[in-house]
Amino acid sequence: MQNMKVADGIYNVGVKDWNIRDFHGYSTYEGTTYNAFLINDDKNVLIDTVKSPFSDQLLANIKKIIDPKKIDMVISNHAELDHSGSIPRLIHFIGKDKPVFCSKAGKKNLEAHFGKDKFNLQVVSTKDEINTGKRTLSFMDTRMLHWPDSMFTYSKEDKILFSSDAFGQHYSGWASYDDQIDEKELKFHAKKYFANILLPFSKLLKKLITNIEDMNLDIETICPDHGVIFRKSPEKIISLYKEWSENIPSKKAVIIYDSMWESTRKMAEEIAETIADRNIEVTCMNTRAWHRSDIITEVMDAKAVLIGSPTLNNNIFPALADVMTYMKGLKPQNKIGAAFGSYGWSGEAVGILNKYMEEMGFELAHDGLKVQYVPEESDLEKCRELGTKIADMI
Ligand code: FEO
């Protein structure tokens, strides 16, 4: 109950999904949360809801504060089902006449998910305001951050920004606030979230943060829809977003590979050791040991990305195809790339990896290093040369 209170009259009535381990293809080793915020004012407002299987829990949490039937209006900052899934049940409870405020695209998307004329949808956009009694809530369109319908809600009296998915983390520990969690752990979860959800929209984020700064928004608390609420240092997460949205790589290499009979592994590790010997940070990730969402988290701020695959049936390994498809969609920027891998007789994998990297705009540091069957000492020397070249370029 204590942790539910965000400010006087404002409560997080969302739920913790402690045991989810796969959030639409994103590994959530520590679960996630679906935050929803109740504003108990002259008019009672609910900002966002939770995934539909948790709707009973949402109603039970609201009941700890007020009778859910007393909710006068709903704000839907984002139509994705982890935040809109319980709107139908809530509306069934409070009445179809109660307004649901959303963006223009939010109206379209809520109708697409739940049908037309199901809710009393009221379109709002940047600079629109609603009065709830002691508070004025204003809205900010944040189109494509990360859906066309995304928007923020701001309470100037409370200096609270309700930021939808932005600034979120897939984390469901005991902590509900940034002052209750280790700073490094929080940064890891926030970075992984950024890499897997927001990376393709970096330019828009950069602009959004400039807009927030230009508007001189007084923000004492940021309430995202996932993870902990920032009440101690909201400026820190804004500053991290500013840094990440610049896409300026660190002096760091990531090696991603799969292996059939250990040859590509030997190549990967020889390259990694060479880079590490030059005192440069390097992470060597076998796709069978690392989840795609952890791989992209490392790729996000790496200067060099080396990708290795044996040739299997004239193609790359399936696990690599998964990672490459995922990475391409997330549009990492400013990378040096190189491909490597072993082969038996045809050896197409390296060329296919080069094509992926070219399509992503990587600067190729090498034509691609191929080894037939098992690397000999002369092949390992070529791996060391590649590692040295990459280290020099970082
Ligand atoms: Fe957390 Fe885009 O939904």
Side-chain angles (χ1 to χ4, degrees), residues 6 12-37 46-55 57-58 61 74-90 100-114 139-153 161-173 176 186 189-202 204-205 208 222-230 237 241 244-245 292-293 296-297 326 329-331:
V6 177
N12 182 1
V13 290
V15 300
K16 293 192 178 186
D17 191 352
W18 293 91
N19 294 301
I20 187 172
R21 290 294 176 266
D22 182 326
F23 186 94
H24 64 45
Y26 175 140
S27 64
T28 48
Y29 305 121
E30 290 190 71
T32 191
T33 63
Y34 314 113
N35 298 332
F37 300 96
L46 183 68
I47 302 180
D48 288 325
T49 68
V50 300
K51 261 188 181 175
S52 60
F54 296 91
S55 57
Q57 210 174 322
L58 171 73
N61 286 345
V74 177
I75 293 171
S76 172
N77 273 340
H78 181 21
E80 196 166 3
L81 286 165
D82 47 337
H83 311 299
S84 67
S86 295
I87 295 180
R89 185 147 157 71
L90 187 85
V100 177
F101 294 97
C102 59
S103 65
K104 191 177 167 194
K107 182 173 191 291
K108 193 177 154 206
N109 290 353
L110 288 170
E111 285 175 346
H113 281 83
F114 303 108
F139 305 101
M140 193 190 301
D141 281 317
T142 57
R143 190 177 158 74
M144 294 319 301
L145 292 172
H146 68 125
W147 273 26
D149 52 67
S150 301
M151 68 176 196
F152 289 176
T153 300
L161 183 68
F162 299 94
S163 63
S164 182
D165 277 332
F167 310 117
Q169 329 95 51
H170 281 314
Y171 162 80
S172 176
S176 296
L186 177 55
H189 289 300
K191 182 184 166 193
K192 181 169 173 177
Y193 192 92
F194 188 102
N196 285 275
I197 308 280
L198 297 167
L199 188 59
F201 311 110
S202 296
L204 288 173
L205 266 173
L208 174 73
I222 296 177
C223 291
D225 275 354
H226 296 285
V228 302
I229 290 163
F230 297 90
I237 190 70
Y241 264 51
W244 293 333
S245 62
R292 68 178 85 82
S293 53
I296 195 69
T297 308
Y326 192 65
L330 289 167
K331 301 183 174 66

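This one's a predicted model, so the numbers in the text were calculated from it and none came from an experiment. Each ligand, and each atom within it, is numbered from 1 in the order the structure gives. Side chains included, hydrogens not; waters and symmetry mates left out as well; all remaining heavy atoms used.
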Tell me, which protein N/O/S atoms are under 2.8 Å away from atom 1 (Fe) of ligand 1? D82 OD2, H83 NE2, D165 OD1, H226 NE2

Please name the atom of H146, restricted to N, O or S, that is closest to atom 2 (Fe) of ligand 1. NE2

For the side chain of D141 and the backbone of R143, is there at least one donor-acceptor N/O pair under 3.5 Å apart? no

No-hydrogen, no-angle side-chain donor-acceptor test under 3.5 Å, [X] and [Y]:
X    : Y    : answer
D225 : H78  : no
S27  : K192 : yes
T153 : N77  : yes

Students often mix this up, so state it plainly: with edges at 30° and 60°, are the rings of Y34 and H83 parallel, tilted or perpendicular? perpendicular

Closest contact, heavy atoms only, D82 versus F23: OD2-CZ, 3.2 Å

